[in-house]
2 protein chains.
Amino acid sequence: MIRDKLRAQMDFLNEIEKLKVVYRQNGTIGGTRRENSAEHSWHVALMALTLQEYAPAGTDIAKVMKMLLIHDLVEIYTGDTFLYDEKGREKVKEPEKKAAEKLFAMLPEEQEEEFNRLWNEFEDRQTQEARFALVLDNLQPIMNHYTTENENIAGKKLNRSQIIEKKSFIKDYSTELWEYALEVIDNSVELGLYGEG
Amino acid sequence: MIRDKLRAQMDFLNEIEKLKVVYRQNGTIGGTRRENSAEHSWHVALMALTLQEYAPAGTDIAKVMKMLLIHDLVEIYTGDTFLYDEKGREKVKEPEKKAAEKLFAMLPEEQEEEFNRLWNEFEDRQTQEARFALVLDNLQPIMNHYTTENENIAGKKLNRSQIIEKKSFIKDYSTELWEYALEVIDNSVELGLYGEG
């Protein structure tokens, strides 16, 4: 007899299969399809592991990785909302919180609490783990656009200034990471992926 | 000036973008494309977090997650080799080891060593972290086939007995996980995804 607990955990793990078909504005190499939120989450989790020395001493990197692995799960129910869609981002906050509660309620109680806690910690952006996760979540799309030469961003080009406005908070976190981000943004402008304005 | 170290780390993180276009024999919901190794890695890492209580006490789950996030990176250079392709699996072992060395050599020395160590530990299947990772890596495709109703496995159907032969080592690890695996396999036979033989 399979215990209810294991069945609940497996039902959750089968449910999140859906994240692989939630598509983002980013591209993939070769340009045949858009990036999805599951592979994006994998990429940022590996960024946390690789770039951990740029986080302040004492940052719990395993926690950052967990946060990044689950941060987009709510999109199973809400879809991905483009970072530059200000009104959309504001409107989706409450539905995303409800989506997290609905999804994590599939899990046994202790895990439901743990996953909700991790998800809310990321959203609240207050702890050093959440701040590092947010920096990586904002660096990855810039790197993706350049690496995949992705022009098809929400059907129209972004301008350099729009990107810098959204991403410049990275500077306060790490001047080194920001310097790299700026270089990638400028390389993308040169490639014609972003407008110069 | 961006330091060489950061540039090396970022070059590595851009290189692994390629894993998103390494496709496996698994499917995705809706059936429009095959699953890739990056989103598979995301899924098994979250399985480690969710199912950690089925690993023996003292298993380092953060290490299991790291292992699973990097275990398929070699496929950037070798492609994915189907588990049921015995000759192919044997032949690819040496190229995969070389691929790991080539890829991880992009990283600063300490990280190169760490990633090689993690990758080899998974391949050697000796530690309790590697064994748990291997169990999850073998459970996920069964769950994926059923959830996505994926019939298009290497162009021809697998039989129930073939799958059980490959996966029955899970029984020695956890009778509970194996019981669940058997149920999913039988459900898939009933759906017509696997042959009855």
Side-chain angles (χ1 to χ4, degrees), chain A residues 1-3 5-7 9-10 12-21 28-30 32-33 35-43 45-54 60-63 65-66 69-70 73 107-108 111 114-115 118 139-140 143-144 146-148 176-177 179-180 183-184, chain B residues 1-3 5-7 9-10 12-21 28-30 32-33 35-43 45-54 60-63 65-66 69-70 73 107-108 111 114-115 118 139-140 143-144 146-148 176-177 179-180 183-184:
Chain A
M1 257 280 291
I2 294 162
R3 282 185 306 147
K5 189 176 189 184
L6 176 58
R7 196 171 291 286
Q9 290 162 325
M10 291 304 199
F12 168 79
L13 290 169
N14 288 324
E15 179 74 359
I16 68 174
E17 174 73 39
K18 293 177 181 167
L19 197 63
K20 297 173 192 168
V21 290
T28 50
I29 290 169
T32 53
R33 65 170 178 87
E35 185 194 45
N36 66 67
S37 292
E39 61 199 352
H40 157 74
S41 300
W42 163 80
H43 208 168
L46 264 181
M47 286 176 73
L49 183 60
T50 308
L51 300 175
Q52 58 184 291
E53 70 194 80
Y54 305 93
D60 179 348
I61 295 299
K63 194 187 197 184
M65 291 169 67
K66 290 176 194 174
L69 289 172
I70 70 162
L73 281 174
L107 287 165
Q111 287 187 312
E114 185 197 353
F115 278 55
L118 280 168
L139 270 177
Q140 190 267 347
M143 294 164 66
N144 168 278
Y146 184 67
T147 307
T148 67
E176 272 196 280
L177 293 181
E179 195 185 4
Y180 178 79
E183 183 185 283
V184 178
Chain B
M1 258 280 289
I2 294 162
R3 283 185 306 146
K5 189 175 188 183
L6 176 59
R7 196 171 291 286
Q9 291 162 325
M10 291 303 198
F12 168 80
L13 290 168
N14 287 324
E15 179 73 359
I16 68 174
E17 174 73 39
K18 293 177 181 168
L19 197 65
K20 298 173 193 167
V21 290
T28 50
I29 290 169
T32 53
R33 65 171 177 87
E35 186 194 45
N36 67 68
S37 293
E39 59 198 352
H40 157 74
S41 301
W42 164 80
H43 209 168
L46 263 181
M47 285 175 74
L49 183 60
T50 308
L51 300 175
Q52 57 184 291
E53 69 194 81
Y54 304 93
D60 178 347
I61 294 300
K63 195 188 197 184
M65 291 170 66
K66 290 177 193 173
L69 289 173
I70 71 162
L73 281 175
L107 287 165
Q111 287 187 312
E114 184 196 353
F115 279 55
L118 281 168
L139 270 176
Q140 189 267 347
M143 293 163 67
N144 169 278
Y146 184 67
T147 307
T148 68
E176 272 196 280
L177 294 181
E179 195 185 3
Y180 178 78
E183 183 186 283
V184 178

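Throughout, a chain's letter reflects where its sequence line sits, starting with A, and its residues are numbered from 1.
- For chain B, the option among A/V21, A/T50, A/T147 with the highest count of heavy-atom pairs below 4.5 Å is A/T50.
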After noting the C-alpha distance and the side-chain angles of A/Q9 and B/Y180, does the key distance pass the side chain to side chain donor-acceptor pair (under 3.5 Å) rule?
-> CA-CA 11 Å; A/Q9 290 162 325; B/Y180 178 78; over 6 Å; no
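- Neither the backbone nor the side chain of A/Y146 comes within contact range of chain B, judged by heavy atoms closer than 4.5 Å.
- Side-chain atoms of B/L139 and A/M10, non-hydrogen and from C-beta on, do get closer than 4.5 Å to each other.
- Here the CE-CE distance, from A/M65 to B/M65, works out to 5.5 Å after rounding to the nearest 0.5 Å.
- Looking only at heavy-atom pairs under 4.5 Å with chain B, the residue among A/K63, A/Q111, A/E176 that has the most is A/E176.
- A/I61 does not touch chain B: none of its heavy atoms, backbone or side chain, sits under 4.5 Å away.
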Could you go step by step and tell me if B/K20 and A/H40 meet the side chain to side chain donor-acceptor pair (under 3.5 Å) rule?
-> CA-CA 9 Å; B/K20 298 173 193 167; A/H40 157 74; over 6 Å; no
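- Taking A/R7, A/M143, A/E17, A/E15 one by one and counting their heavy-atom pairs under 4.5 Å with chain B, the maximum is reached by A/E17.
- Only the side chain of A/N36 comes within less than 4.5 Å of a heavy atom of chain B; its backbone N, CA, C and O stay farther away.
- A/H43 places a side-chain N or O within donor-acceptor distance of the main-chain N or O of B/L13, the cut-off being under 3.5 Å.
- No other option in A/L51, A/T28, A/T148 has as many heavy-atom pairs under 4.5 Å with chain B as A/L51.
- Of the listed residues (B/L73, B/N144, B/V184), the one with the most heavy-atom contacts under 4.5 Å to chain A is B/N144.
- Between B/E179 and A/R3 there is no salt bridge, since none of the side-chain N atoms of the basic residue sits less than 4.0 Å from a carboxylate O of the acidic one.
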